Participant: 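Dropping the structure in here first, questions after.
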Amino acid sequence: MSETQTNTLQYRLDGPEDAPVLILGPSLGTTWHMWDRQVPELAQQFRVFRFDLPGHGGAPAYPAGSVTELTARLLATLDALGVQRFGYAGCALGGAVGIELALRCPERVASLALVAASPRFGSADEFRQRGVIVRTNGLDPIARTSPDRWFTGGFVAAQPAITEWAVQMVRTTDPGCYIAACEALAGFDARAELGRIGVPTLVLVGSDDQVTGPAEARTLVAGIPDARLAVVPGASHLVPVEQPSAVSDLLVRHFSTAWQPAVESATGQLAVVPAAPVRPVPAVAPVAGPIAEIAPAVVPLLPSARSDTYDTGLKIRREVLGDAHVDRALALADDFSGDFQEFITRYAWGEIWDRPGLDRRSRSCVTLTALVAGGHLEELAFHTRAALRNGLTPGEIKEVLLQAAVYCGVPAANSAFRVAQQVIHEETTPEE
């Protein structure tokens, strides 16, 4: 991860170091974790670069009051890393940054995806009024209403943990930086410039998005010369979170097949660049007109994606349990226990924990319940820490243990509450 300065952004890199760079830009009020479910698929063939907006996700709180300034900070970050050419996918405010990149430095953008984006986000007064609300009442009112703007009602009802994660994500944002980001959206208007975007562009939108819906998406497609439209059914504004498999599939198809060659600025000729190491994808049917609504398919879990499950498992194990825990476990391994450590890293973490069918929060809930049932209190302790790392709140952990009390027995739950209470106290008590 980055060490952020005032003129750069907090970032994270995943995927092969020698692969083409693909940037994922976040929406207002979110963090780079909104793209968590897309990264495993995209990182098979791209060096995935995610960034946080100022004051979001614990990033340093240096407000940026315009899309132009945010774009300049992103470019400064990329320059510091030596990244000259890249693909870019951005959601909402992140999409505005993508439009700005394609307009201001088209020679650096190989391909573009605009998710839940618009050439003009509502009215300036709307976002400035939101800033007034935050100045007066803090972020709590905005946080509590975010799920209604971001997700469909059915998703909110079926996914309370993810809904609460979204609320907490907004609530922990720096208010000054949130207000500045609202000002950035208030001042953004690219309607007159869309025709100058010269890179292949996928415009992706949820069918039920009430913030920047299909109408705004069609405006983008009508204005951008080389653009296609994908409408994802059953999704609202944060479509990468609500329909992760569909979005992953669409992004892989787009960036694998629509990567524009670089142009050498001095001569105007195509530059010779190494071919991007892309894996084959299913052929897409030819488009009859300038606008095509693509029915998203479920992303297949290909055998090639599992070629080295140990490395994948070690990465996930560290992310969930923490480096210190994993380092201790591996340091204690010897000729007797080493094979077992490799076994759980490869199969538990590299196979099961990496499957796309459940998010990590859900897997933590299942794991806590199973450990209560088995009476495995030592593992319950470090998996309680893991659940907190995966975004479960103490209140949600309590609900899991109460549910376990009904189906696993009160004595087992009594012991589990004692262990979890101690861990939560240790992890949530501020250090003096």
Side-chain angles (χ1 to χ4, degrees), residues 24-27 30 33-42 89-95 98 112-119 121-122 145-163 165-166 200-224 227-258 281-302 355-359 361-362:
L24 302 179
S27 175
T30 72
H33 289 296
M34 69 161 285
W35 296 103
D36 277 354
R37 297 290 297 279
Q38 281 70 50
V39 170
E41 184 76 7
L42 293 172
C91 182
L93 177 53
L112 182 66
L114 303 175
V115 181
S118 176
F121 290 82
T145 58
S146 290
D148 295 333
R149 294 190 299 273
W150 287 354
F151 306 125
T152 61
F155 184 85
V156 170
Q159 299 287 351
I162 295 178
T163 301
W165 162 79
T201 303
L202 171 68
V203 179
L204 195 158
V205 65
S207 61
D208 301 324
D209 189 344
Q210 301 301 309
V211 181
T212 49
E216 287 83 357
R218 289 187 172 90
T219 300
L220 288 170
V221 173
I224 298 172
R228 300 178 67 202
L229 174 64
V231 179
V232 179
S236 186
H237 192 56
L238 281 196
V239 59
V241 176
E242 192 160 8
Q243 293 290 348
S245 295
V247 171
S248 297
D249 183 47
L250 288 164
L251 293 180
V252 167
R253 287 171 182 244
H254 175 66
F255 287 108
S256 298
T257 58
V281 296
V284 180
V287 183
I291 299 178
E293 295 193 5
I294 307 167
V298 176
V299 180
L301 191 64
L302 299 179
R355 290 179 63 82
L358 292 176
D359 59 28
R361 292 163 57 87
S362 300

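Keep in mind the model is a prediction, meaning the values are calculated, not measured.
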Participant: To check you understand the geometry: which heavy-atom pair defines the closest contact between E41 and V252, and what is its length?
Facilitator: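 Closest approach of E41 to V252, heavy atoms only: CG-CG2, 3.5 Å.
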
Participant: If you measure from CG on L204 to CG on L250, what distance do you get to the nearest 0.5 Å?
Facilitator: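 Rounded to the nearest 0.5 Å, the CG-CG separation comes to 5.0 Å.
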
Participant: Can you list everything that forms a side chain to side chain contact (heavy atoms under 4.5 Å, CB included) with P40? Sequence neighbours excluded, please.
Facilitator: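 In terms of side chain to side chain contact (heavy atoms under 4.5 Å, CB included), with neighbours along the sequence ignored, P40 is linked to D354.
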
Participant: With sequence neighbours left out, write down each residue that passes side chain to side chain contact (heavy atoms under 4.5 Å, CB included) with S118, or none if nothing qualifies.
Facilitator: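 Partners of S118 by the side chain to side chain contact (heavy atoms under 4.5 Å, CB included) criterion, ordered by chain and then number, come out as F121, T212, E216.
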
Participant: What pair of heavy atoms forms the shortest contact from A246 to V232, and how long is it?
Facilitator: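 Closest approach of A246 to V232: CB-CG1, 4.1 Å.
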
Participant: Test side-chain contact (heavy atoms from CB on, under 4.5 Å) on L238 and F155 and set out the steps.
Facilitator: CA-CA 11 Å; L238 281 196; F155 184 85; over 6 Å; no

Participant: For V156 versus F151, what's the shortest heavy-atom pair and its separation?
Facilitator: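 The pair with the smallest heavy-atom distance is CG2-CB, 3.8 Å.
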
Participant: What closest approach, in Å, do L202 and A230 show between heavy atoms, and which atom pair accounts for it?
Facilitator: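 Closest pair (atom of L202, atom of A230, distance): CD1-CB, 4.0 Å.
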
Participant: Tell me every residue that passes side chain to side chain contact (heavy atoms under 4.5 Å, CB included) with A89, counting only those two or more places apart in sequence or in another chain.
Facilitator: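 Side chain to side chain contact (heavy atoms under 4.5 Å, CB included) list for A89, sorted by chain: L24, A113, L251, F255.
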
Participant: By salt bridge (Lys or Arg N to Asp or Glu O under 4.0 Å), which residues pair with D36, not counting sequence neighbours?
Facilitator: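 If we apply the salt bridge (Lys or Arg N to Asp or Glu O under 4.0 Å) test to D36, skipping adjacent residues, the hits are R50.
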
Participant: Can you sort out the partners of S207 under side chain to side chain contact (heavy atoms under 4.5 Å, CB included), two or more places apart, ordered by chain and number?
Facilitator: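 Listed in chain order: V231, P233.
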
Participant: Go through the steps for T145 and R149 under the test side chain to side chain donor-acceptor pair (under 3.5 Å), then give the verdict.
Facilitator: CA-CA 7 Å; T145 58; R149 294 190 299 273; 2.9 Å; yes

Participant: What residue pairs, at least two apart or across chains, pass side chain to side chain donor-acceptor pair (under 3.5 Å) with a residue in residues 151-160?
Facilitator: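 Listed by first then second residue: T152-E242.
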
Participant: State the CG-CH2 distance between L42 and W35, to the nearest 0.5 angstrom.
Facilitator: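 It comes to 8.5 Å.
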
Participant: If you take all heavy atoms of P26 and M34, which pair is closest and at what distance?
Facilitator: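 Nearest pair, atom of P26 first, then M34: CA-SD, 3.8 Å.
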
Participant: Ignoring hydrogens and geometry, is there a side-chain-to-backbone donor-acceptor pair from H254 to L112 under 3.5 Å?
Facilitator: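 Side chain of H254 to backbone of L112: a pair is present.
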
Participant: Can you find a heavy atom in the side chain of V205 that is under 4.5 Å from one in the side chain of L220?
Facilitator: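 V205 vs L220: side chains apart.
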
Participant: Give me the atom names and distance for the closest heavy-atom approach of I162 to R361.
Facilitator: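 Smallest heavy-atom distance, with atoms named: N-NH2, 3.6 Å.
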
Participant: Evaluate the side-chain contact (heavy atoms from CB on, under 4.5 Å) criterion for residues V241 and T30: first the C-alpha distance (whole Å), next the side-chain angles of each, then the deciding distance (0.1 Å), finally the verdict.
Facilitator: CA-CA 11 Å; V241 176; T30 72; over 6 Å; no

